[in-house]
Amino acid sequence: AIRMTQSPSSLSASTGDRVTITCRASQGVNNYLAWYQQKPGKAPKLLIYAASTLQGGVPSRFSGSGSGTDFTLTISRLQPEDFATYYCQQHYLYPRTFGQGTKVEIK
Amino acid sequence: QVQLVQSGDEVKKPGASVKVSCKTSGYTFSSYGISWVRQAPGQGLEWMGWISAYNGNTVYAERLQGRVTMTRDTSTSTAYMEVRSLRSDDTAVYYCARHSGINRTPFDYWGQGTLVTVSS
């Protein structure tokens, strides 16, 4: 199985900050990399897929980049509604593995 | 609009079985598959398996093989996930999510989640 490793596990930031979360795959995923946002008590929400394609309706302050095994989620200017936990997932092979999550908290 | 609506929360004793449903609407059921993902309290997301709504083919996570069965009913556009021989560490919120297993698409729509509590 492909192992997905996110860093950091948590971070504290302020509204307006630029935030970067990284995700590393244990082997190449051919850019089939997705990012999800999850708020407490809610289902995950798809933000980005295929490493850099923004899902419809997702604000443009979210962006994804990377290739091969190393990927990044960037929130350009953090908004109050962005405080949540973020997960990466490879959608290349089964099992469809997730990273362990990155919790973005208010500083 | 696409919707996935799951059955209600369950409380089960160790050793029992639970079957969770995921009723879909707003799209052609047989054109996609359904994955099941669970989340233990305070933990991350664990992919459990996938079923093709088209032909019923399944792929299960290795650690759950033998204890989980995924089925679907095309007449009602509903997917089902059953876990047998429940243990306390099966306590989790269980989600269904839509995606195309063949085209390597991400999980674009999710159910609201079903809490399964395993306790004696």
Quiz item: Are B/Val18 and B/Met81 connected in a single hydrophobic cluster, I mean Ile/Leu/Val/Met/Phe/Trp/Tyr linked by side-chain heavy atoms less than 4.5 Å apart?
Solution: yes

Quiz item: Do other residues, nucleotides or ligands put more than 12 heavy atoms under 6.0 Å from A/Arg61 CZ?
Solution: yes

Quiz prompt | Donor-acceptor pair, side chain of A/Tyr49 and main chain of B/Phe107, under 3.5 angstrom | solution = no

Quiz item: For atom OH of B/Tyr54, is the number of surrounding heavy atoms from other residues, nucleotides or ligands below 6.0 Å larger than 12?
Solution: no

Self-check item: Contact origin within B/Glu62 toward chain A - heavy atom pairs under 4.5 Å
Solution: neither

Quiz item: In Å, rounded to the nearest 0.5 Å, how long is the span from CG of B/Leu45 to OG1 of A/Thr97?
Solution: 11.5 Å

Quiz item: Can you find a side-chain donor-acceptor pair between A/Gln100 and B/Gln43 that sits under 3.5 Å?
Solution: no

Quiz item: Which one of B/Pro106, B/Ala61, B/Gly111 has the most heavy-atom pairs closer than 4.5 Å to chain A?
Solution: B/Pro106

Exercise. Go through the atoms of A/Leu93 and report whether side chain, backbone, both or neither lie under 4.5 Å from a heavy atom of chain B.
Key: side chain

Quiz item: A/Tyr87 and A/Val29: same hydrophobic cluster, using ILVMFWY side-chain contacts below 4.5 Å?
Solution: no

Practice problem: Indicate, with yes or no, if the rings of B/Trp50 and A/Tyr94 have centres closer together than 6.0 Å. | Solution: yes

Quiz prompt | Side-chain donor/acceptor of B/Arg104 to backbone N/O of A/His91, under 3.5 Å | solution = no

Quiz item: In terms of hydrophobic clustering (I, L, V, M, F, W, Y; side-chain heavy atoms under 4.5 Å; direct or indirect links), are A/Leu73 and A/Phe98 co-clustered?
Solution: no

Self-check item: Shared hydrophobic cluster, B/Trp47 / A/Leu46 (ILVMFWY, side-chain heavy atoms < 4.5 Å)
Solution: yes

Quiz item: Do other residues, nucleotides or ligands put more than 12 heavy atoms under 6.0 Å from A/Arg24 CZ?
Solution: no

Quiz item: Do other residues, nucleotides or ligands put more than 12 heavy atoms under 6.0 Å from the NZ atom of A/Lys39?
Solution: yes

Exercise. Enter the distance from B/Gln39:CD to A/Thr85:OG1 here, rounded to the nearest 0.5 Å.
Key: 8.5 Å

Quiz item: More than 12 non-hydrogen atoms from neighbouring residues, nucleotides or ligands closer than 6.0 Å to CZ on A/Arg3, yes or no?
Solution: no

Quiz item: When rounded to the nearest 0.5 angstrom, what is the spacing between NZ in A/Lys42 and CH2 in B/Trp110?
Solution: 15.0 Å

Practice problem: Would you mind telling me which of A/Lys45, A/Gln55, A/Gln38 has the largest number of heavy-atom pairs within less than 4.5 Å of chain B? | Solution: A/Gln38

Quiz prompt | A/Pro44, part contacting chain B, at a heavy-atom distance under 4.5 Å | solution = both

Quiz item: Side chain, backbone, both or neither: which part of B/Val93 has an atom under 4.5 Å from a heavy atom of chain A?
Solution: neither

Quiz item: Where does A/Tyr92 contact chain B at under 4.5 Å (heavy atoms): side chain, backbone, both or neither?
Solution: both

